[in-house]
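For reference, the structure discussed in these notes is given below.
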Amino acid sequence: QVQLVESGGGLVQVGGSLRLSCEASGRTFSRDRMGWFRQAPGKEREFVAGISSTGHTSVYVDSVKGRFTISRDNTKNMMYLEMNGLKTEDTAIYYCAADSSTPVGVTRSESRYDTWGQGTQVTVSL
């Protein structure tokens, strides 16, 4: 069974840091484009960051550029989101997702991702 499992969420103060991890199991994800999404209370789920299958290309939503870094280790079937300079508006459930349709490039489109994790809560307090 294909699974993505997120970890690393928690409660942190404004300006703090967290590192989210996404472990993939059930098949090799080294040919998948992957991404992080988040959903804040009362809001739609939004794209946060995406990374190509090789890890050479990444894209970010403007609100996290310069603060968040997405990376992956295909030898371990792992993806990460390093989050620094956290703000209260970063509070959300964070989801990792995989797009197995093509190994080329990066996509921001939620509809292209076919495998999702259960999410991990990130709460940023004053």
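In this structure, OG1 in Thr115 is found 5.0 Å from CZ in Arg27, a value given to the nearest 0.5 Å. With rounding to the nearest 0.5 angstrom, the CE atom of Met78 is 4.5 Å from the OG atom of Ser21. Atom CG of Asp73 and atom CE of Met79 lie 12.5 Å apart (nearest 0.5 Å). A distance of 10.0 Å separates CD of Glu110 from OH of Tyr95, quoted to the nearest 0.5 Å. With rounding to the nearest 0.5 Å, the separation of CD in Gln121 from CG in Leu11 is 9.5 Å. Taking CH2 from Trp36 and CD1 from Ile51, the interatomic distance works out to 11.5 Å, rounded to the nearest 0.5 Å.
Judged as a side chain to side chain contact (heavy atoms under 4.5 Å, CB included), and not counting sequence neighbours, the contacts of Ser71 are Tyr80.
Thr91 and Ala40 make their closest contact through O-CB, 3.6 Å (heavy atoms, listed as atom of the first residue, atom of the second, distance). Closest approach of Lys43 and Gln39 over heavy atoms only: O-NE2, 3.1 Å. Closest non-hydrogen pair, Leu81 versus Ala49, comes out as CD1-CB, 4.3 Å. Pairing each heavy atom of Ser58 with each of Ile70, the nearest pair is CB-CG2, 3.6 Å. The two residues Ser17 and Asn84 come nearest to each other via the heavy atoms OG-OD1, 2.8 Å.
Contact of the Ser101 side chain with the Arg112 side chain is registered, since non-hydrogen atoms from C-beta on lie closer than 4.5 Å. The shortest distance between side-chain heavy atoms of Gln118 and Val5 falls below 4.5 Å. Looking only at side-chain heavy atoms (C-beta outward), Arg67 and Asp90 come within less than 4.5 Å of each other.
With hydrophobic clusters built from ILVMFWY side chains whose heavy atoms lie under 4.5 angstrom apart, Leu18 shares a cluster with Val14. Residues Ile93 and Met83 are members of separate hydrophobic clusters, defined by side-chain heavy-atom contacts under 4.5 angstrom among Ile, Leu, Val, Met, Phe, Trp and Tyr. When hydrophobic clusters are built by joining Ile, Leu, Val, Met, Phe, Trp and Tyr residues whose side-chain heavy atoms come closer than 4.5 Å, directly or via intermediates, Val124 is grouped together with Val61. Note on Met34: it clusters hydrophobically with Val48, by side-chain heavy-atom contacts below 4.5 Å among ILVMFWY residues. There is no path of hydrophobic side-chain contacts, each under 4.5 Å, that joins Phe37 to Leu4.
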Applying side chain to side chain contact (heavy atoms under 4.5 Å, CB included) to Phe47 and Thr107, what does each step give before you reach the verdict?
CA-CA 9 Å; Phe47 171 84; Thr107 180; over 6 Å; no
Using side chain to side chain contact (heavy atoms under 4.5 Å, CB included), reason through Ser52 and Arg33 one step at a time and then give a plain yes or no.
CA-CA 5 Å; Ser52 62; Arg33 304 188 289 192; 5.6 Å; no
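One finds a salt bridge joining Lys65 and Asp62 here, because a Lys/Arg side-chain nitrogen approaches an Asp/Glu carboxylate oxygen to under 4.0 Å.
With hydrogens and angles disregarded, no donor-acceptor distance shorter than 3.5 Å links the side chain of Glu6 to the backbone of Cys22. With hydrogens and angles ignored, the 3.5 Å screen pairs a side-chain donor or acceptor of Asp114 with a backbone N or O of Ser100. The closest donor-acceptor contact from the side chain of Thr28 to the backbone of Ser30 lies at 3.5 Å or more, if one exists at all. Checking side-chain atoms of Asn74 against main-chain N and O of Ser53 turns up a donor-acceptor pair under 3.5 Å.
By the 30° and 60° cut-offs, the orientation of the rings of Tyr94 relative to Phe68 is tilted.
In the displayed structure, Glu44 atom CD is contacted under 6.0 Å by at most 12 heavy atoms of other residues, nucleotides or ligands.
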